[in-house]
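Reading through the structure tokens given below for one structure.
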There are 2 protein chains.
Amino acid sequence: MNTNFNIENFIYTFSCDCNKAQKKTFSKNQVITTYIQKRNQLCILLSGNADLVRYDLNGNRTIVEHFSKNAIFGEVFYKVTTNNELLVEARSNCTVLFYTYDQLKKPCTKGCEFHKILAEHLPELILNKITDLNTRIELLTQRSTRDKLLMYFSLISTRKLSKTFELPLSLTDLADYLNVDRSAMMRELKLLKEDKLVDKIGNRIILLYE
Amino acid sequence: MNTNFNIENFIYTFSCDCNKAQKKTFSKNQVITTYIQKRNQLCILLSGNADLVRYDLNGNRTIVEHFSKNAIFGEVFYKVTTNNELLVEARSNCTVLFYTYDQLKKPCTKGCEFHKILAEHLPELILNKITDLNTRIELLTQRSTRDKLLMYFSLISTRKLSKTFELPLSLTDLADYLNVDRSAMMRELKLLKEDKLVDKIGNRIILLYE
DNA sequence: TTTTTTCTGTTGCATAAGTCACATATTATG
DNA sequence: CATAATATGTGACTTATGCAACAGAAAAAA
């Protein structure tokens, strides 16, 4: 999903005269930013994991996107105007770079190394984001809870190169990510076990098919 | 959703020595391309409308994305490997530019105008794509068929700046786009009419709330 | 440690949404 | 124009999923 290029190392190495970007750290469960459609904010996640979470008027919670190292996110990408609350929440301790789109758009007048390297790698980061979003859509357009679970497991499985893996999410979060009711998801999980398609020991998933 | 910049005009104006891009035209319902994960294809829709459509093993059809003028699409953005068939189908007559990602990535050695302008505007096109995808996810994560319909109508309404508008899709396609069963969607549409939230005369939708 | 909070696992019940089937309307096509 | 093909609209029935509620396990906090 993510590039091997390590922006963080580079950030630590180089300093940039013209750089208006802010670097901040967050601890688990802190709110990194809210989407309020004005600042054209663009962020890069240097380390840690975070989620874009939506709370709707009925109190429903949806994990809209999940971000890991090198993910880009922020208001620039989000023109949807509903009344819902959109927060980026840290899942673990995080380091985040804050830009505005304008800062990134125009080339650095001072010709500094920092901007050069960032501009060079931004297209790749963006490309990764698009494939992530497409994968997300693929997941959400699965017809049933069962299909969503199976596809999610399959994605993690290929990422980890193993039919056995730890769930990177709590089951509560997984339900919010797959956009299904938690108890309904638990029921389906049980049925998958009964059908000998999937086994689950604690946090560990074992795919039994193929 | 899309930029005001008109690539097509520009394409007709400039020619490019180094340009390996192919420009092709398609008539309604023709298949523009299939996603087969090898060629790193990247396409720009110069004119017309097209859909990325998925046919799954149960014969279900899903409209994954809808593309209009200046939309970019192609395999580069799509790393999902399911057994499903992924086709881009022309909804109307279309003109499409075909690139590979490699062609776009490296700067033109001949320094021609064509590449310069394209490179200049590509970030904006990509940004638009990301907001489109985020909107798509927002739509798909609506809880109920009713909510999906209401959000879809609201999107078109803001785009058209009017509470009255023609549906740009057939109802059959709309169901495939919202990822719901067609007859269930029809039922919900009837309920929305009964609840005096939405009216529908033929192809025309009238939003009655607010 | 103890206490509190969050997460997991499960149930009964209600209901939204899918399935199938068909009639009519509308749009393509020979 | 006639005929085929596709889209719309609706109803009866089934099923999947959501909802509410609770108990025990695990994790976090005091």
Side-chain angles (χ1 to χ4, degrees), chain A residues 27-30 51 53 56-63 89-93 140-150 152 166-195 198-205, chain B residues 27-30 51 53 56 58-63 89-93 139-152 166-195 197-205:
Chain A
S27 49
K28 193 175 172 177
N29 293 328
Q30 267 194 296
D51 288 331
V53 182
D56 71 16
L57 304 165
N58 308 322
N60 284 321
R61 176 175 174 271
T62 306
I63 297 181
E89 298 174 350
R91 278 299 136 255
S92 64
N93 292 351
L140 288 169
T141 50
Q142 296 304 305
R143 301 280 145 165
S144 57
T145 303
R146 166 169 292 223
D147 287 344
K148 285 180 177 179
L149 278 171
L150 287 176
Y152 180 79
E166 304 286 323
L167 275 179
L169 253 63
S170 74
L171 292 171
T172 307
D173 283 354
L174 181 55
D176 289 343
Y177 186 68
L178 300 182
N179 208 231
V180 294
D181 178 78
R182 187 188 62 84
S183 74
M185 189 193 77
M186 295 299 286
R187 176 173 42 212
E188 198 54 50
L189 214 45
K190 197 168 67 171
L191 292 176
L192 280 171
K193 282 168 84 171
E194 282 172 24
D195 292 352
V198 168
D199 209 356
K200 178 176 173 300
I201 303 159
N203 199 25
R204 175 162 287 269
I205 299 289
Chain B
S27 49
K28 193 176 171 177
N29 294 327
Q30 266 193 295
D51 290 330
V53 182
D56 72 16
N58 309 321
N60 284 320
R61 176 174 173 271
T62 306
I63 298 182
E89 298 174 353
R91 278 298 137 254
S92 63
N93 292 351
L139 189 59
L140 287 170
T141 51
Q142 296 304 305
R143 303 275 144 173
S144 57
T145 302
R146 166 168 293 222
D147 288 343
K148 284 180 177 178
L149 279 171
L150 287 176
M151 176 169 174
Y152 180 78
E166 305 285 325
L167 277 179
L169 253 63
S170 75
L171 293 171
T172 307
D173 282 354
L174 181 55
D176 289 343
Y177 186 68
L178 301 182
N179 208 234
V180 294
D181 179 78
R182 186 189 62 84
S183 74
M185 190 193 76
M186 296 299 285
R187 175 174 45 211
E188 199 53 50
L189 214 45
K190 198 167 65 171
L191 292 175
L192 280 171
K193 283 168 84 170
E194 282 173 24
D195 293 350
L197 285 170
V198 167
D199 208 358
K200 176 174 176 300
I201 303 159
N203 198 25
R204 176 162 287 269
I205 298 289

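The figures that follow rest on heavy atoms only: side chains count, while hydrogens, waters and symmetry mates do not. Naming: A, B, ... by sequence-line order, numbering from 1 per chain.
With A:Lys200 contributing its side chain and A:Gly202 its backbone, the two residues share a donor-acceptor pair below 3.5 Å.
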Task: Stepwise side-chain contact (heavy atoms from CB on, under 4.5 Å) check, A:Leu169 with A:Asp176 - done: CA-CA 10 Å; A:Leu169 253 63; A:Asp176 289 343; over 6 Å; no
- [ ] Go through A:Asp147 and B:Asp56 one step at a time and tell me if the side-chain contact (heavy atoms from CB on, under 4.5 Å) criterion holds.
- [x] CA-CA 12 Å; A:Asp147 287 344; B:Asp56 72 16; over 6 Å; no
- [ ] Could you please spell out the steps behind the side-chain contact (heavy atoms from CB on, under 4.5 Å) verdict for B:Asn179 and A:Leu140?
- [x] CA-CA 9 Å; B:Asn179 208 234; A:Leu140 288 169; over 6 Å; no
Task: Intermediate values then yes/no, side-chain contact (heavy atoms from CB on, under 4.5 Å), B:Leu191 and B:Leu197 - done: CA-CA 9 Å; B:Leu191 292 175; B:Leu197 285 170; over 6 Å; no
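Bracketed by its first and final contacts, the part of DNA chain D lying under 4.0 Å from non-hydrogen atoms of chain A reaches from D:dT17 to D:dA20 in 5' to 3' order. Nucleotides of DNA chain C that come within less than 4.0 Å of any heavy atom of chain B span, from the 5' end to the 3' end, C:dA17 to C:dC20.
Contacts of B:Lys193 with the nucleic acid, taken as non-hydrogen atoms under 4.0 Å apart, are absent. Using a 4.0 Å heavy-atom cutoff across all strands shown, A:Arg146 reaches no nucleic acid atom at all. A:Lys200 comes within 4.0 angstrom of the backbone, heavy atoms only, and of no base. Using a 4.0 Å heavy-atom distance criterion, A:Ser183 is classed as a base contact.
Note that CG of A:Asn93 and NZ of A:Lys28 are 9.0 Å apart. Values are rounded to the nearest 0.5 Å.
Closest approach of A:Lys148 and A:Val180 over heavy atoms only: NZ-CG1, 3.9 Å. Closest non-hydrogen pair, A:Ser27 versus A:Ala90, comes out as O-CB, 3.7 Å. Here the closest heavy-atom approach between residue B:Arg182 and residue B:Ala175 is recorded as CA-CB, 3.6 Å.
Look at A:Asp181 and B:Arg143 and you find no salt bridge, because none of the NZ, NE, NH1 or NH2 atoms lies under 4.0 Å from a carboxylate O.
Counting only Watson-Crick and G-U wobble pairs whose two key distances fall under 3.5 Å, DNA chain D forms stems of three or more stacked pairs at C:1-30 with D:1-30.
Of the residues in residues 175-182 of chain A, those with a non-hydrogen atom less than 4.0 angstrom from any atom of DNA chain C are A:Arg182.
Between B:Leu178 and the choices B:Leu139, B:Ile63, B:Thr62, the side-chain contact (heavy atoms from CB on, under 4.5 Å) rule is met once, by B:Leu139.
The side-chain hydrogen bond (donor to acceptor under 3.5 Å, both in side chains) check on A:Arg187 picks up nothing, with sequence neighbours excluded. A search for side-chain hydrogen bond (donor to acceptor under 3.5 Å, both in side chains) contacts involving B:Glu188 returns B:Arg146, not counting sequence neighbours.
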